[in-house]
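Presented below is the structure to which this report refers.
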Amino acid sequence: MSDLHLKTVAELSHLLQSKQASSVELAQHFLQRSQQHSALGAYLAIDEQATLEQAKAADARIAAGKATALTGVPIAHKDAFVTRGWPTTAGSKMLQGYQSPFDATVVAKLGLGNQEQGGSDAGAGMVTLGKLNCDEFAMGNGSELSAYGKVHNPWDTSRVPGGSSGGSAAAVAAGLTPCATGTDTGGSIRQPASFCGITGIKPTYGRASRYGVIAYASSLDQAGPMAHTAEDCALLLSTLCGPDLDRDSTSLDVPAEDYTAALNQPLAGLRVGLPKEFFGKGMADDVRAAVDAALKEYEKLGAQLVDITLPHSAQAVPVYYIIGPAEASSNLSRFDGVNFGHRSSSYTDLESMYQASRSEAFGLEVKRRILTGAYVLSHGYYDAYYLKAQQIRRLIAEDFQLAFKECDVIAGPVSPTVAWQIGAHADVLSSYMADIFTLPASLAGLPGMSLPVGVGEGNMPVGLQLIGNYLQEGRLLNTAHAFQQATDWHTRRPQGF
């Protein structure tokens, strides 16, 4: 079938279970498309032989009657997840050529499992297509900062796909994979999903294991799925979530849920909160028009719009860009040229090796955040910056809890604008401000998602952000699914793909 790339995860699952297509056929189709559209820069690593071997194993599982709903469905992983058999670079020269001896927990759960790694768990049986490009160490919001080249938005290749999970979003939007993993620290699943017209969800912090995710900011990083529909995200999230207490100290001891069971519930009486801080002057007119139209559709579906306030959300940008870099400066200290990663060939002693290796291998934005983080943690500045940022972070979280007494979900824009032209955000501050609507939920550790709801300037996609209370992923997915059952924005694909 020539239109396999237009089908959702759920549709591909049906084809596999009904024996109308094989996993090998699906893998070959998507591998061919990935090579055909390599100019997008979405993929960093493809191993056709390894992929086809996994596909054959998946077909054997299906034939033996041991398949899950995801067995045999192709997936690609953001290059921040370590994956055995594929290089993992986190988009940085620092890790060029690095190959992990194990899979990240999320990769193992979705894939063939960790039986070969000494464990007893069988994964869902998905087939890995390859590794996807991203901003270096997930630090960026346009996917322009990878050491291996920029990623292009398939809706307009002169524009960014968003970041840092831009390779994941571009690959799904262009039909180079039916779904992908991403990581969201300050909006890096939701913003690229919005810019590329797909659906993506960041679960509650700790819901998905961070084991095997190359760390940027440990108190913020969270894995999640990206696909075309809320139904697809529900299928994926049901598998990749769950406790991993022995390997991830931040993992929640909460069992995984079947999020598909929460779909198709009526929205009558659902209270949708609209924060006044999200609907001010910062939002472009085209984004506002698409968001307003989506909210009217929710009213038609029976939802009630409620005005709320998140008074400390305006401080989210400075708070995030203190806490994130502070944690990054600590996490990235391990990359010193000693045990693994890039080692300079020009040094005279241990200290000069550290300096030369890190200077050569880290990009400008990574260096900027390391230096910022080291500064705010230093003696004399810790109380003035880092401690104060943590105090405001708590106030942001408390604002949400007060708001959820008045509403069930919160809705608003994902980004102030549609995707910008590559190179347009050379000014660092303007780049940071693009995260203003996604950062509050990240700082509070709340689940959030983006779903396509319209188009703006240049016919570029616009996403609606939905934020839920802790562990309310099922409600978010049902809210998004209801909208997608009533509209067709999620079915639209970029021209030429």
Side-chain angles (χ1 to χ4, degrees), residues 41 44-45 78-102 104 131 133-151 163-164 167 183 185 210-221 321-386 389 423 426-429 431-432:
L44 287 181
K78 182 178 180 177
D79 203 35
F81 294 87
V82 300
T83 43
R84 194 171 53 149
W86 274 268
T88 300
T89 69
S92 177
K93 290 182 180 178
M94 179 58 79
L95 287 173
Q96 188 169 14
Y98 172 72
Q99 293 222 10
S100 171
F102 67 97
K131 302 300 291 298
N133 207 350
C134 59
D135 285 312
E136 185 179 6
F137 286 103
M139 298 182 194
N141 53 22
S143 291
E144 299 178 86
L145 302 178
S146 169
Y148 305 102
K150 297 176 175 64
V151 185
S164 63
T183 62
T185 306
R210 293 191 306 109
Y211 180 75
V213 178
I214 295 176
Y216 160 25
S218 300
S219 74
L220 294 160
D221 298 340
Y321 283 101
I322 289 173
I323 294 174
E327 295 184 11
S329 70
S330 176
N331 280 326
L332 271 63
S333 65
R334 71 195 69 177
F335 301 110
D336 54 13
V338 177
N339 288 320
F340 57 88
H342 172 76
R343 178 183 293 181
S344 175
S345 59
S346 302
Y347 60 91
T348 56
D349 55 22
L350 186 62
E351 183 175 351
S352 67
M353 185 190 77
Y354 290 158
Q355 292 176 343
S357 299
R358 290 166 68 82
S359 296
E360 292 170 7
F362 286 143
L364 179 61
E365 183 60 27
V366 173
K367 292 176 183 175
R368 180 183 292 116
R369 298 195 192 192
I370 290 174
L371 290 170
T372 300
Y375 178 80
V376 301
L377 290 176
S378 63
H379 179 69
Y381 298 100
Y382 179 91
D383 289 348
Y385 292 104
Y386 183 74
D427 171 60
V428 174
L429 184 57
S431 176
Y432 290 175

Taking the six-membered ring for Trp, are Phe335 and Phe362 parallel (under 30°), tilted (30 to 60°) or perpendicular (over 60°)?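 Ring orientation, 0 to 90° scale: perpendicular.
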
For residues [X] and [Y], determine if any side-chain heavy atom of one lies less than 4.5 Å from a side-chain heavy atom of the other.
| X | Y | result |
| --- | --- | --- |
| Leu95 | Ile214 | yes |
| Glu144 | Val151 | no |
| Lys93 | His342 | no |

Value rounded to 0.5 Å, distance of [atom1] in [X] from [atom2] in [Y]:
| X | Y | atom1 | atom2 | answer |
| --- | --- | --- | --- | --- |
| Gln355 | Thr348 | CD | OG1 | 9.0 Å |
| Gln99 | Thr89 | CD | OG1 | 11.0 Å |
| Phe137 | Arg369 | CZ | CZ | 13.0 Å |
| Glu136 | Glu365 | CD | CD | 9.5 Å |

Compare every heavy atom of [Y] with every heavy atom of [X], then report the nearest pair and how far apart it is.
| X | Y | result |
| --- | --- | --- |
| Gly337 | Met353 | O-CE, 3.9 Å |
| Met94 | Ser357 | CE-O, 3.9 Å |
| Tyr148 | Ser92 | OH-O, 2.7 Å |
| Asp79 | Gly91 | OD2-N, 3.8 Å |
| Pro87 | Thr83 | O-OG1, 4.4 Å |

Check the surroundings of atom CZ in Phe340: do more than 12 heavy atoms from other residues, nucleotides or ligands lie under 6.0 Å from it?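 Counting other residues, nucleotides and ligands, CZ of Phe340 exceeds 12 neighbours.
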
Taking [X] for the side chain and [Y] for the main chain, is one N or O donor matched with an acceptor at less than 3.5 Å?
| X | Y | result |
| --- | --- | --- |
| Ser330 | Glu327 | no |
| Arg358 | Leu332 | yes |
| Lys131 | Phe81 | yes |

Yes or no on side-chain hydrogen bond (donor to acceptor under 3.5 Å, both in side chains) for Ser431 and Asn141, after CA distance, side-chain angles and deciding distance? CA-CA 7 Å; Ser431 176; Asn141 53 22; 2.9 Å; yes

Check: residues 370-380 side-chain donor-acceptor pairs under 3.5 Å, at least two apart:
| unit_1 | atom_1 | unit_2 | atom_2 | d |
| --- | --- | --- | --- | --- |
| Thr372 | OG1 | Arg368 | O | 2.8 |
| Ser378 | OG | Tyr375 | O | 2.5 |

Could you work out, with salt bridge (Lys or Arg N to Asp or Glu O under 4.0 Å) as the rule, every residue matching Asp135, not counting sequence neighbours?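 Result, salt bridge (Lys or Arg N to Asp or Glu O under 4.0 Å) vs Asp135: none returned.
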
Salt bridge (Lys or Arg N to Asp or Glu O under 4.0 Å) with Arg210: which residues, sequence neighbours excluded?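 Not a single residue meets the salt bridge (Lys or Arg N to Asp or Glu O under 4.0 Å) criterion with Arg210.
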
Taking salt bridge (charged side-chain N to carboxylate O under 4.0 Å, His left out) as the cut-off, I'd like each qualifying pair that reaches into residues 332-345, sequence neighbours left out, listed once.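 Applying salt bridge (charged side-chain N to carboxylate O under 4.0 Å, His left out) to every pair that reaches into residues 332-345, excluding sequence neighbours, yields nothing.
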
With sequence neighbours excluded, residues passing side chain to side chain contact (heavy atoms under 4.5 Å, CB included) with Asp349: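 Expected list: Glu351, Ser352.
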
Decide ring-ring contact (aromatic ring centres under 6.0 Å, His included) for Tyr432 and Tyr321; before the verdict, give the C-alpha distance in whole Å, the side-chain angles of both, and the deciding distance to 0.1 Å. CA-CA 8 Å; Tyr432 290 175; Tyr321 283 101; 3.8 Å; yes

Can you sort out the partners of Thr185 under side-chain hydrogen bond (donor to acceptor under 3.5 Å, both in side chains), two or more places apart, ordered by chain and number?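 For Thr185, the residues satisfying side-chain hydrogen bond (donor to acceptor under 3.5 Å, both in side chains) (neighbours in sequence not counted) are Asp221.
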
Report the C-alpha separation of Lys150 and Ser143 in whole Å, then their side-chain angles, then the decisive distance to 0.1 Å, and conclude whether the side-chain hydrogen bond (donor to acceptor under 3.5 Å, both in side chains) test is met. CA-CA 6 Å; Lys150 297 176 175 64; Ser143 291; over 6 Å; no

